[in-house]
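Below, chains carry the letters A, B, ... as their sequence lines are ordered, and counting in each starts from 1.
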Amino acid sequence: MKRGHGETWDPPPPSREGPSMVDKKMAAADDNNNNNSNNMDDELLAVLGYKVRSSEMAEVAQKLEQLEMVLSNDDVGSSTLLNDTVHYNPSDLSNWVESMLSELNNPASSDLDPTTGGCVVDRSEYDLRAIPGLSAFPKQEEEEVFDVEEEASSKRIRLGSYCESTGESTRPVVLVDSQETGVRLVHALVACAEAIQQDNLTLADALVKRVGTLAASQAGAMGKVATYFAQALARRIYRGYTADTDVSFDDVLQMHFYESCPYLKFAHFTANQAILEAVATSRRVHVIDLGLNQGMQWPALMQALALRPGGPPLFRLTGVGPPQKENSDSLQQLGWRLAQFAQNLGVEFEFKGLAAESLSDLEPEMFETRPESETLVVNSVFELHRLLARSGSIEKLLGTVKAIKPSIVTVVEQEANHNGVVFLDRFNEALHYYSSLFDSLEDSYSLPSQDRAMSEVYLGRQILNVVAAEGTDRVERHETLPQWTNRMKTGGFDPVHLGSSGFKQASILLSVFAAGDGYRVEEKDGCLMLGWQTRPLITTSAWKLAGAAESRR
Amino acid sequence: MAGSEEVNLIESKTVVPLNTWVLISNFKLAYNLLRRPDGTFNRHLAEFLDRKVPANANPVNGVFSFDVIIDRQTNLLSRVYRPADAAAGPPSITDLQNPVDGEIVPVIVFFHGGSFAHSSANSAIYDTLCRRLVGLCGAIVVSVNYRRAPENRYPCAYDDGWAVLNWVNSSSWLKSKKDSKVHIFLAGDSSGGNIVHNVALRAVESGIDVLGNILLNPMFGGNERTESETRLDGKYFVTVRDRDWYWRAFLPEGEDREHPACSPFGPRSKSLEGLSFPKSLVVVAGLDLIQDWQLKYAQGLKQAGQEVKLLYLEQATIGFYLLPNNNHFHTVMDEIAAFVNAECQ
């Protein structure tokens, strides 16, 4: 006798104290069933991380049984095969099981679309040989600071386009078991931020000085974070924020950040993995990098392409950067260096630099795409959130990206909500986030200290922006995966799931490059997250045009 | 074999709700993929497949959580769950370790299951379970992210449990107002239950006061094949073969299942007679193939003069406590609440 769906269980006796979340959900599930809307996900499984529609439960059970039978009939072989395949999106149980069944029934088929979950045989030739190591070419000499007119604007932009997080927000906190001074320090910081929130600037001023004193005597990551936050708070109190426009120094800082900790390496690596999969059979690849910076992502991709059996495709790179100052064209210079690198690898290479004040200034024609012959990739690492500072900008950019019809769009963003409307909430979020980041830097004992020092400056700038800036100046408007997912879907994109092979290789990358033990890779909804301890910090996701099939040209 | 397999599968389907069956079968399937015949474990795939949730300092249904690094050297983390103050808003980062507010506040040190190899403190199934325990018992729950086999064999998991027990015991913010002491309970399922026993042993030897042990389907074993193992092999999600695999992965290389960690009342174990061992609540599922070992455990405690309550749930399978959709779940939750709150008279 087969049981029906979850609703045939005995309900708990009414004497239970208070309605529990689960009891409520079960009641809701009851209502749903009564209303014949079995297209809802089973609530109980959803809490545990599995999305299975109630109406499909029996079907999923049947597939599990089938799979069980196949596996038990051919113990080692099938199990080994499934061990080696690439898995996608385990939350979607139905597709996960289905794809394993397909894999076992038809082993060589790699036509499965990772967008719907599933697995393909892991044929990653792009193995760790293509891991980015030290920068592939000599570091750029520091360029002089250039002045750009300050965009002082105290006007608050209408926050229409920055949606509040859909649903409740999560505050993941990881505490280092702190001793007394750490706690007092955090207390003072939070109290100061509260004072600012209440517009009590006199109190805030007194508190920020106290923070400064406490921070000075606090060793380690906490002291550094507190110092940066204190400086940022002070700037906010005195309304002394000026947009930091020394872009070239930014690039330098980012390079040190790249060297000192695995976050950027992870970002580049996982994005490259997704790109390589998408262009696996393509003979002409065109990558548009929405934030070229020092181009650190591309040598590794070119190496991986060069190693392809059958030889590398033509690799065309369009790099977007900020407006160039007179008598200098750093974009073009970078292009030359990359060209040289490509030549050494034997990869046919084309480069174009596009200077744009804002990504929303970009128009489809500017990219000069060749849709008949090339596979188009759009890549964005830590660029999209900046557009949230101006209403309409992100929509404009996504529209432009959509118009050029890329095969894949790779996005890496900080995993945090630093774009809430309420200052105090942003402050608290940022405090948790950067505390984790600094903590992770602290753990890397083997680093040359200049890298670490510069990384801290790099992060300090972000802190300053999150805390002290407002309006169009505030560009570090980080948002979380659910928020970005919303935007991408609204913009007409569907997810491309990143799978277990990327996960595995990213994990291995971490053990090679990350001195600290606390880095963790997590899979969520087909995306990969890198975190410190249990706190996710950056997320890599991939997207394609809604309705488009996974193209592997 | 196909024929009898079919019978087995349908049998397990009749005793649990369908979504429970899907959940546990999914785990069984995944776990089968992860265990390699040579004794190694596909850890990357395991971490990829495991559904995890972050800690959340924003209260959800009256409970908030945060992670604490207990020991940097071993990267030992624990997740702390606390009841939210309904009146106040979400706790600020400075409030997370506010002193507990109550004459007697039980602190449950929880060890998740997974046969020593699977899951983590931040696995969704265990995050959910721990949250329930908070409301149920009016307790603080500290869930230990112990090191797992086969990468970390005996006694790593016990060492980690011990480290957290010490941390809990010496955390002033966890002290109950009545006597300025921390009121500690140990709880765990499957391998977690095994860890409970072994950490309690160390506590007794070192004079740390543990008020009670809660063991849900605890993982014990021995060299012989017991009647229940033979009778239930492969019938309700678990096989003798996989049990053997996990013991080989956890116990020191070359050891057999008479090792005291596996067999606490076996020929090589120390007697508990005369020790002031904590009172125990032992929950045994009647369709769990290792029940003979679990019953032997309860019996052993009794014979050593220790206080033990055995809760035998005839028609329960492993994992019944993961979803609140069956009577066993509610029965056990009530028993746990009573067990813990017996102290709070």
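- Looking at B/A30, both its backbone and its side chain come within 4.5 Å of chain A, counting heavy atoms on both sides.
- B/R131 is listed as a side-chain neighbour of B/D127, based on a closest heavy-atom distance under 4.5 Å.
- Without hydrogens or angle criteria, A/E415 side chain to A/P536 main chain gives no donor-acceptor distance under 3.5 Å.
- Interface residue B/L29: only side-chain heavy atoms are found under 4.5 Å from chain A.
- In this structure, no portion of B/R35 lies under 4.5 Å from any heavy atom of chain A.
- Side-chain N or O atoms of B/D71 include none that pairs as donor or acceptor with a backbone N or O of B/A163 at under 3.5 Å.
- B/P59 does not touch chain A: none of its heavy atoms, backbone or side chain, sits under 4.5 Å away.
- With respect to chain A, the highest number of heavy-atom pairs below 4.5 Å among B/G62, B/P90, B/P91 belongs to B/P91.
- When the candidates B/S65, B/A57, B/A124 are compared by the number of heavy-atom contacts under 4.5 Å with chain A, B/A57 comes out ahead.
- Both the backbone and the side chain of B/L49 come within contact range of chain A, with heavy atoms under 4.5 Å apart.
- The part of B/R79 that comes within reach of chain A is its side chain, from C-beta onward, which places non-hydrogen atoms under 4.5 angstrom from that chain.
- When each of B/D50, B/D95, B/T20, B/L77 is scored by its heavy-atom pairs under 4.5 Å with chain A, the top score falls to B/L77.
- Residue contact with chain B, scored on non-hydrogen atoms closer than 4.5 Å, involves the backbone and the side chain of A/V174 alike.
- Note that CD1 of B/I336 and OG1 of B/T331 are 11.0 Å apart. Values are rounded to the nearest 0.5 Å.
- When atom types are taken as modelled, the side chain of B/S123 and the backbone of B/S120 share a donor-acceptor pair closer than 3.5 angstrom.
- With contacts defined as side-chain heavy-atom distances shorter than 4.5 Å, the pair A/L509/A/V521 does not qualify.
- Looking only at heavy-atom pairs under 4.5 Å with chain B, the residue among A/A191, A/S507, A/S91 that has the most is A/S91.
- Both the backbone and the side chain of B/N26 have a heavy atom closer than 4.5 Å to some heavy atom of chain A.
- In this structure, the side chains of A/Q533 and B/D67 stay at 4.5 Å or more apart for every pair of heavy atoms.
- Within 6.0 Å of the NZ atom in A/K524, the count of heavy atoms belonging to other residues, nucleotides or ligands does not exceed 12.
- Between B/F48 and A/H87, the gap from one ring centroid to the other reaches at least 6.0 Å.
- Heavy-atom distances place both the backbone and the side chain of B/I125 under 4.5 Å from chain A.
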